[in-house]
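Worksheet: the structure to be examined is printed underneath.
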Amino acid sequence: MITDEEKKEIRELMSHYATARAAGPEALKIVQNHRGWVSAESLKAVAEMLDMSCEELDSVATFYNMIFRKPVGRHVMLICDSISCYIARYDMLLDHLNRTHGIRMGETTPDGRFTLLPAACLGACDHAPAMMIDETLYGDLTPEKMDNILGKYQ
Amino acid sequence: MATIYIDNKPYVVKDRQNLLQVCLSLGFDLPYFCWHPAMHSVGACRQCAVKLFRDEKDTRGKIIMACMTLAKDGIRISIDDPEAKKFRAGITEFLMTCHPHDCPVCDEGGECHLQDMTVMTGHTYRGYRFRKRTHRNQYLGPFLHHEMNRCIACYRCVRFYCDYAGGRDLNAFQCGNRVYFGRHEDGVLENIFSGNLAEVCPTGVFTDKTFRRHYTRKWDLQTAPSVCVHCALGCNTIPGERYGTLRRIHNRYNGEVNGYFLCDRGRYGYEFVNGNRRIRGPLLRGPGGGEARPCTRGEALSRMEEALHTPGRLIGIGSPRASLESNFALRTLVGKDRFFSGVSERERKLSAAALEILQRGPARTPSLHEIRRADAVFIIGEDVTNTAPIMALTLLQLVPCKKVALARSLQIEPWDDMSFREAIQQECAPLYIASAAPTGLDDEATRVYHATPDDVARLAFAVAHVLESGVPGMEGLPENVSGLAGEIACALKEAERPLVISGIGGGSLSMIEGAAAISRALRSVCGKGELSFLFPECNSMGLALMGGRSLAEAREVLREGDADTLVILENDLFIRDAKPAVEELLKSAQHIIVVDHTHNRTSERAELVLPASTFAEGSGTLVNSEGRAQRFYRVFVPDGDIRESWRWIQDMISISGRGEAAGWKVLDDIAGAMAREMPEFEAVTRIAPPADFRISGEKIPRQPHRASGRTAMHAHTDVHEPMPSDDLDSPLAFTMEGYGGQAPPALIPRFWSPGWNSVQAVNKFQQEIAGPLKGGDPGQRLIEPAEGVKSASPDKIPEAEGLRPGEWLLVPLYHTFGTEEMSVLSSSVAERVPAPYLALCPEDALSLGIGEGEAAELIASGEAQQRIRVRYLKGLPRGVAGLPVSLPGVGMIDLPQKVSLVIPAKTADTGKV
């Protein structure tokens, strides 16, 4: 249940490794880049390509919390809940998000725009509280600042 | 040897061991979870913490993990150090944070390693006040129940299932506190050793699903030492009974045989004992056949008397699934010349040949423990995974000696499991398989050769010739085959302990002789090498030792009118010979007496059916493939007239007015008589303490001292406790009273020790961890090769096999679940039995134009035509078809043999048959 293009990319990837299974995490990322998440069907298809059992590949997939095994919104928002951001009251951001978008940690907005997830540390303690949307890092956040940023993502 | 100091006392211990193993061997109670005596150390749970001191002046010390630390000479540790104790209690507290504390409703309760360790560390009060993580449980098939909330994440299950048993459909998911052990979705756990998870899991995540249906606490189970009856390896078991039904099978450690594990056929095949096909009382059938009617023992005896009235008119058919004693009793009743071994003619010949090879030597038959040390293996014509599963599990663990040396040069010991696996880079000992059909070990093999049985035998002889003279020395051998012969010979020669395995399962005498030729060559050229032959059933080897004529000859005797009465011992002849032949045999007998425990097509034809005991209700002796005689003991007293077959036959001997059996009061008497009559069974008299053995004047209790409800369980009929039954045959008693200490190894009814309620209590019964039981592992070998190499008859190398067009060579296929007669009667095993099929390689099927699932007509000479569905089997050689042996729904055909196949015409519109 993956496209020929995904298969081609995975085959290309496999050529860089001594064993097929070593390509597992990256192959899952390829599928996720194309689909936003890794469904059971996609996982099975990748496992077949890598000559792994579903269990073997899924144990890798579920170990990494940035491989999504459930559908996510168009944009994934990671809010840092580590110690510096905790001191800097990241919980105010969470409350704000809950008020404005009606989501809590692990939830997706009904319009499929955002999925909110925690991150253990974004490496931006000097700009706490911090968050990351897709690939972009934002620091020194306040509820107002957040509203402006979120407006950029549709 | 090394001297180590534990709490300032010196102990002399073996070199190169880890501290945990050493401490447990010395008898200390040091708690652990992730470590397992067969799977060794990974250092995951941090439970076995001890204090390590630099020298005698060091008083602070540091905490280390005992399982990951080498017990070096002079090392000083403390188990009792307060800081170490506190640390261990803290670890248990951490592990327990999400554990549901549901012991009262947990099947593991009362035999739980987690309970034991929690008590041992002294973690009594829970400090954790927060929400616990919970999981969804999975359906895992008929054998195991799943309850993930109890998990403490020790990782033993995946380490056993994937790393040890080679399974691929169980794994660890997620991370941290949410780690989940299971499948990627609900479904049957495929691996045939999955049942061991119930014993490997230290708590109640994986529990025995069949036991759950008739659950009893361990302390309420009546148990006795027993031997598995579902293949010829003779794994030692502990069956447990309550209220007259068999509840479960647990592993019984025997260092020389099964070690810590059982296969699922052995663990779950037991349900036939409780099955509705059991023969529970004597049955009489009128001369015209028809429905049998229950009768009293008196009626049965008088009918027996009528049938036996003329001496010399009697023949007996023995059985490879009946005990030595029962077969011997029958042989005594009918006389040596009128005793027929109840197996097919092919099996009788092959067994006799294999036995003779082992007795003649020079190669010796190794125990499973010795097989564990082999470092190059060549399997010839045997599907070990499906005929003798635990041997396959043993073969999965073999590591080449040079790899062990390499790891040691890196300061890595084999017990350091993860590092060791990394050091050897998953390299297994060379394993070569040559067989007519794909086998369960093919994926693990270095190289596989599939060809007709004769071509497989030719490869074996070629290997022998290369070993002897450096060249295959055989005409017409294809280049690739002679190359393979050279490679195998080289691998065997280079190994320190090469092993050749073959067996009866391939159905070919040439393959057995080929295996013998290799082992002879290895012995004479290199002075090393062992030879193992696998036999089909639990006492096939015993029956081979006892001898007996063929079933065809029995037919002859009856046809010529030299006999009119047939006594059949625990045997369904319809799985031994083709139906027409069995029909002829049964029709030519005037009287048929069957002694058996389960109804089958043969017992339906008997005029008199006598109820025999199964392994759980009677005692006796079985001889395994190694040639090891082992005693199994009655677990419980059955209702009514069920008793050991030999006791029924003893009655027959007495009724015939003869005195031979008059002295057989107890099992030891008949075993003694057998040893006097046939000296090869002399060692049987020494396999266990005699019936009058006592410790401090007491018998050994089958019930634990905590057994409960013994008055309540009969209260609906009588409030007085009934008198316990007496067991004349053994020093074991059917009570909870008796000697409370450790019994001699052959008589251990269960593993329990104060503070150790789980299966891990076996630690306390061993001379050293994973070593022999205290007092020696039970069983006596009956076969040792004769001294000196005798000249063997010249090799009979078969010609290369050619098949005519339209002719197919039908070869036997085996299934762990399906091939064995008794286990398929167990409802859980029955769920795993495949539907009958005929296997063809896809290329052949394509050329025949037959699709998978379509039916074909199978025509074998002299046998009824069978219609059977085709299944594709990759790896079958062209021109070879496979048929599962003894699978319910598949007619008995002598295999291998040449057959023809007819593809029924398809109807034009549907394409279906």
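A, B, ... follow the sequence lines: proteins, then strands. Residue 1 opens every chain.
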Q. What pairs with T97(B) under side chain to side chain contact (heavy atoms under 4.5 Å, CB included), at least two apart in sequence or on another chain?
A. Y128(B)
Q | Approximate separation, where rounding is to 0.5 Å, of N65(A) CG and Q174(B) CD | A | 10.0 Å
Q.
Are R168(B) and E56(A) packed together at the side-chain level, in the sense that at least one heavy-atom pair is separated by less than 4.5 angstrom?
A. yes
Q: Evaluate whether atom CE of M14(A) has more than 12 neighbouring non-hydrogen atoms of other residues, nucleotides or ligands under 6.0 angstrom away.
A: yes
Q | R183(B) CZ to S53(A) OG distance, which is reported to the nearest 0.5 Å | A | 9.0 Å
**Q.** Backbone N/O of N171(B) and side chain of E55(A): donor-acceptor pair under 3.5 Å
**A.** no
Q) Should we say atom CE of M92(A) is surrounded by more than 12 heavy atoms from elsewhere, each under 6.0 Å from it? A) no
**Q.** Under 3.5 Å: donor-acceptor pair, side chain of T62(A), backbone of F173(B)
**A.** no
Q: Give a yes or no on whether Y17(A) atom OH has more than 12 heavy-atom contacts from other residues, nucleotides or ligands under 6.0 Å away.
A: yes
Q.
I'd like to know whether OH of Y872(B) has more than 12 heavy-atom contacts from other residues, nucleotides or ligands below 6.0 angstrom.
A. yes
**Q.** Over all atoms of both residues, closest heavy-atom pair of A172(B) and S59(A)
**A.** O-CB, 2.7 Å
